[in-house]
Amino acid sequence: MKDTSDSLKPRTLGRYQLVRQIGAGGMGDVYEGYEPDLDRRVAIKVLPYDLAQQEDFIKRFRREATAAGSLTHPNIVSVHYFGEEQGQYYFVMQYVPGQSLAEKLVQQPPLTLDEKIDIFEHCLTGLAVAHEAGLIHRDIKPANILLNSDTGQAMLADFGLVKSTSSA
């Protein structure tokens, strides 16, 4: 991903510093960030300004943060905070060192059988936790599976299309 840190405006959101862009998607850009108060790296997903002018997108963005934030498990990316500053909506997540499964597949195809089994087991475990909490992810794809290089865990990310079974 191209580093666009020179063009970041603002360079901070609340107490978080934006370091560099690490991802982009339909519902926002993701930045590596830094939280000085706790001296830790974080990931920050920012709702594009044009979408932040539409109440439906704000609700969907908040629903994503709330859904993922309600789950605590090693195979699910943790959400720490949801905020808004001067019309800019964002949420702060656990920073996952490594790469997405999509990136790994491009750089190092094919995966071994053991690698595939490990990734599937981790994803299924994370999905089971979400389902037990009444949440359906609805967007499982290689780009939404992060491979943590520190722990070896596969982690589910991007709950932007999440649906609650209580409203199904």
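Hydrogens, waters and symmetry mates are skipped; everything else that's a heavy atom, side chains included, is used.
In this structure, CE on Met93 lies 14.0 Å from CD1 on Ile76, to the nearest 0.5 angstrom.
Residue Ile117 belongs to a hydrophobic cluster whose other members are Leu113, with links defined by side-chain heavy atoms closer than 4.5 Å.
Under the 4.5 Å side-chain heavy-atom criterion for grouping Ile, Leu, Val, Met, Phe, Trp and Tyr, Leu71 is not connected to Phe82 through any hydrophobic cluster. Val96 and Leu147 fall into different hydrophobic clusters, where Ile, Leu, Val, Met, Phe, Trp and Tyr residues are linked whenever their side-chain heavy atoms come under 4.5 Å apart, directly or through other members.
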Pairs under 3.5 angstrom only: tabulate donor-acceptor contacts from the side chains of residues 59-69 to other protein residues two or more places apart or in another chain.
unit_1: Arg60; atom_1: NE; unit_2: Gly160; atom_2: O; d: 3.3
unit_1: Glu64; atom_1: OE1; unit_2: Lys45; atom_2: NZ; d: 3.2
unit_1: Glu64; atom_1: OE2; unit_2: Lys45; atom_2: NZ; d: 2.9
unit_1: Thr66; atom_1: OG1; unit_2: Arg62; atom_2: O; d: 2.8

Which atom pairs, one a donor and one an acceptor, fall under 3.5 Å between side chains of residues 46-56 and the rest of the protein, sequence neighbours left out?
unit_1: Gln53; atom_1: NE2; unit_2: Tyr49; atom_2: O; d: 3.1

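For Asn144, the side chain to side chain donor-acceptor pair (under 3.5 Å) partners at least two apart in sequence or on another chain are Asp139. With sequence neighbours left out, Tyr89 forms a side chain to side chain donor-acceptor pair (under 3.5 Å) with no residue at all. Pro74 meets the side-chain contact (heavy atoms from CB on, under 4.5 Å) test with Gln153; sequence neighbours excluded. Listed by chain and residue number, Glu115 satisfy the side chain to side chain donor-acceptor pair (under 3.5 Å) test with Thr112 (two or more places apart in sequence, or in another chain). Residues forming a side chain to side chain donor-acceptor pair (under 3.5 Å) with Tyr81 (at least two apart in sequence, or on another chain): none. Under the side-chain contact (heavy atoms from CB on, under 4.5 Å) criterion, Glu32 pairs with Val19, Arg20, Ile22, Arg41, Tyr95, sequence neighbours left out. Every side-chain contact (heavy atoms from CB on, under 4.5 Å) that Ser70 has, sequence neighbours left out, goes to Leu135. By the side-chain contact (heavy atoms from CB on, under 4.5 Å) test, Pro110 is found to be paired with no residue, residues two or more places apart in sequence or in another chain being considered.
Applying the ring pair (Phe, Tyr, Trp, His ring centres under 6.0 Å) test to residues at least two apart or on different chains, the pairs with a partner in residues 107-162 are His137-Phe159.
For the residue pair Glu35 and Gln17, no side-chain donor N or O sits within less than 3.5 Å of a side-chain acceptor on the partner.
Looking at Cys123 and Ile140, their side chains never come closer than 4.5 Å, going by heavy atoms from C-beta outward. Residues Val77 and Leu146 meet the side-chain proximity criterion, which asks for heavy atoms closer than 4.5 Å.
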